[in-house]
Student: 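The structure follows.
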Amino acid sequence: MNIDLKQSFADLSVQFEGLQGRHPGLWPLAPRLLCAAGVMAAVLGLGYFFYWSGQFEEQESLAQLETTLRDAYKLKMAQAINLDALEAQQQQVNRYVERLEKQLPSKADMDALLSDINQAGSGRGLQFELFKPGMEVLKDYYAERPIDIKVTGNYHDIGEFAADMARMSRIVTLNNLALSTEKDGTLSLDAVAKTFRYLDQDELDAQSKARKAKKKGAAKPKEGAA
């Protein structure tokens, strides 16, 4: 066995002798196979670094994109499946908003609402010692108007008056309630009634312009600033 291996190595080494100056096509089999293997390895290495590596990166990027698109597809599919339920919820919210808007008077309805508040007290036999509408306070989407009131009467009528305020078709709240007893034994109620109305389109546009102007002024650098 040892003799055969030595002889094989000797025969193989002989094939690599005297190759210099000879055409590779005339080389023995072993050098030609080794040379072909080296050329193939070089071609594979150069191909990987100069061509296939970019292909692999592109493949990985496309695989990530495929995952993203699949997730987006699943999300859209879930939304499509629940579309009817979402539309029903949207319609329910729209009806709720419309119902709330109907409880807020417009600017033209405010005088009538103030008259209704006055009539509610008078209808219960209460005496208005004070009924003083204040200045409107503008909010983002509505205006709030406080009314300082002071009414006198018996306990039952004052309680019914407060209940009438809660049952009005328009939103009216009673705040800062204070009950006191007059000299004649009747009760006196001091309170701030607050009414609300929605802003018309002109007022909303004016608010939007004011906010934009305020942001622009805040973003403008101060004079002399570095």
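Only this structure's heavy atoms are used, side chains among them; waters, hydrogens and symmetry mates stay out.
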Student: What do you reckon, is CZ of R167 surrounded by more than 12 foreign heavy atoms closer than 6.0 Å?
Tutor: yes
Student: List the atom of D148, the atom of V192, and the distance in Å for their closest heavy-atom pair.
Tutor: OD1-CG2, 3.5 Å
Student: State, yes or no, whether a side-chain contact exists between E66 and Q64 at a heavy-atom distance under 4.5 Å.
Tutor: no
Student: With side chains defined as the heavy atoms from C-beta onward, is the minimum distance between K194 and V172 less than 4.5 Å?
Tutor: no
Student: Out of curiosity, L187 CG to Y155 OH, how far, rounded to the nearest 0.5 Å?
Tutor: 8.5 Å
Student: Should I117 and D164 be marked as a side-chain contact (heavy atoms from CB on, under 4.5 Å) after you check the CA-CA gap, both sets of side-chain angles, and the distance that decides it?
Tutor: CA-CA 9 Å; I117 297 174; D164 290 341; over 6 Å; no
Student: Tell me the closest heavy-atom pair linking L174 and A193, and the distance in Å.
Tutor: CD2-CB, 3.8 Å
Student: Given side chains that start at C-beta, do those of L177 and L189 come closer than 4.5 Å, heavy atoms only?
Tutor: yes
Student: Do the non-hydrogen side-chain atoms of L126 and T152 ever get within less than 4.5 Å of each other?
Tutor: no
Student: Would L130 and F161 show up in the same hydrophobic cluster when neighbours are defined by side-chain heavy atoms closer than 4.5 Å?
Tutor: no
Student: Please examine the side chains of N154 and D157, heavy atoms only from C-beta on, and report whether any two atoms are closer than 4.5 Å.
Tutor: yes
Student: Testing the basics here: between G153 and I158, what is the closest heavy-atom pair and its distance to 0.1 Å?
Tutor: O-CD1, 3.8 Å
Student: Determine whether N176 and D190 make a side-chain contact, defined as any pair of heavy atoms from C-beta on separated by less than 4.5 Å.
Tutor: no
Student: To the nearest 0.5 Å, how far apart are OG in S188 and CD in E129?
Tutor: 7.0 Å
Student: Rounded to the nearest 0.5 Å, what separates atom CZ in F128 from atom CG in N118?
Tutor: 5.0 Å
Student: Using side-chain heavy atoms (C-beta onward) and a distance below 4.5 Å, is F196 in contact with T173?
Tutor: yes
Student: Would you say I147 ends up clustered with M168 if hydrophobic residues are merged whenever their side chains have heavy atoms under 4.5 Å apart, either directly or through other cluster members?
Tutor: yes
Student: If you define the side chain from C-beta out and look only at heavy atoms, does anything of R145 sit under 4.5 Å from L114?
Tutor: yes
